[in-house]
Amino acid sequence: MKIKKGDLVRVIYGKDKGKEGKVEKVYPTKNLVLIQGINLYKKHIKKSEKIPQGAIVSIPRPLDASKVMVICKSCQKPSRVGYQIKKDNKIRICKKCGSQL
């Protein structure tokens, strides 16, 4: 998976198209990413001792990794991720400007 935890990404498809956020968690086996403040859904919480009235809260759900693009730190544009091997180290690079991600 080319997206890592902590990457700044932009959503390119779906209801949150154009929004940017930081990746909180990656699920590589399911090809999903959880992004802070993106893909929010409402959840109803039942009455309890902590919440005597109950509540409706917004929780983020994971997005498919194919719906987001990594934003390059140097050119500030969403770009595809490539790899380069230097001295037994695999480095992620930006396909637009060639800089290291």
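All values below come from the heavy atoms of this structure, side chains included, with hydrogens, waters and symmetry mates left out.
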Can you name the closest pair of heavy atoms from Ala65 and Met1 and give their distance? CB-CE, 3.4 Å
Is there a side chain to side chain contact (heavy atoms under 4.5 Å, CB included) between Gln53 and Lys47? Walk through the geometry before answering. CA-CA 6 Å; Gln53 296 179 345; Lys47 293 181 193 177; 6.0 Å; no
Between Leu32 and Pro62 the two heavy atoms that sit nearest each other are CB-CB, 3.9 Å
Carefully, step by step, assess Val9 and Ile35 under the rule side chain to side chain contact (heavy atoms under 4.5 Å, CB included). CA-CA 8 Å; Val9 294; Ile35 305 167; 3.6 Å; yes
Contacts table for residues 88-101: side-chain donor-acceptor under 3.5 angstrom, sequence neighbours left out:
{"residue": "Arg92", "atom": "NH1", "partner": "Lys2", "partner atom": "O", "Å": "2.7"}
{"residue": "Arg92", "atom": "NH1", "partner": "Asp7", "partner atom": "OD2", "Å": "2.9"}
{"residue": "Arg92", "atom": "NH2", "partner": "Asp7", "partner atom": "OD1", "Å": "3.1"}
{"residue": "Arg92", "atom": "NH2", "partner": "Asp7", "partner atom": "OD2", "Å": "3.3"}
{"residue": "Lys96", "atom": "NZ", "partner": "Pro78", "partner atom": "O", "Å": "3.3"}
{"residue": "Ser99", "atom": "OG", "partner": "Ser74", "partner atom": "OG", "Å": "2.7"}

Member of Leu63, Ile38, Ile3 meeting the side chain to side chain contact (heavy atoms under 4.5 Å, CB included) criterion with Val23: Ile3
Listing request: all salt bridge (charged side-chain N to carboxylate O under 4.0 Å, His left out) pairs with a residue in residues 10-30, at least two apart in sequence or in separate chains. Arg10-Glu20, Asp16-Lys19
Atom pair OH (Tyr13) and CG (Asp64), whose distance is rounded to the nearest 0.5 Å: 11.0 Å
State, with a plain yes or no, whether a side-chain heavy atom of Leu40 is found less than 4.5 Å away from one of Pro60. yes
Start with the C-alpha gap between Cys72 and Lys77, add the side-chain angles, then the distance that decides, and say whether side chain to side chain contact (heavy atoms under 4.5 Å, CB included) holds. CA-CA 6 Å; Cys72 179; Lys77 295 179 182 177; 5.8 Å; no
I'd like to check the side chain to side chain donor-acceptor pair (under 3.5 Å) partners of Ser48; sequence neighbours left out, ordered by chain and number. none
With a sphere of 6.0 Å drawn around CD of Gln76, does it hold more than 12 non-hydrogen atoms of other residues, nucleotides or ligands? yes
How many angstroms lie between OG in Ser66 and CD1 in Ile12, if you round to the nearest 0.5 Å? 7.5 Å
Are Leu8 and Val70 packed together at the side-chain level, in the sense that at least one heavy-atom pair is separated by less than 4.5 angstrom? no
Closest non-hydrogen contact found for Val33 with Val68 is CG2-CG2, 4.1 Å
Do Val81 and Val11 sit in one hydrophobic cluster, given that two such residues count as connected whenever their side-chain heavy atoms are within less than 4.5 Å of each other, even indirectly? yes
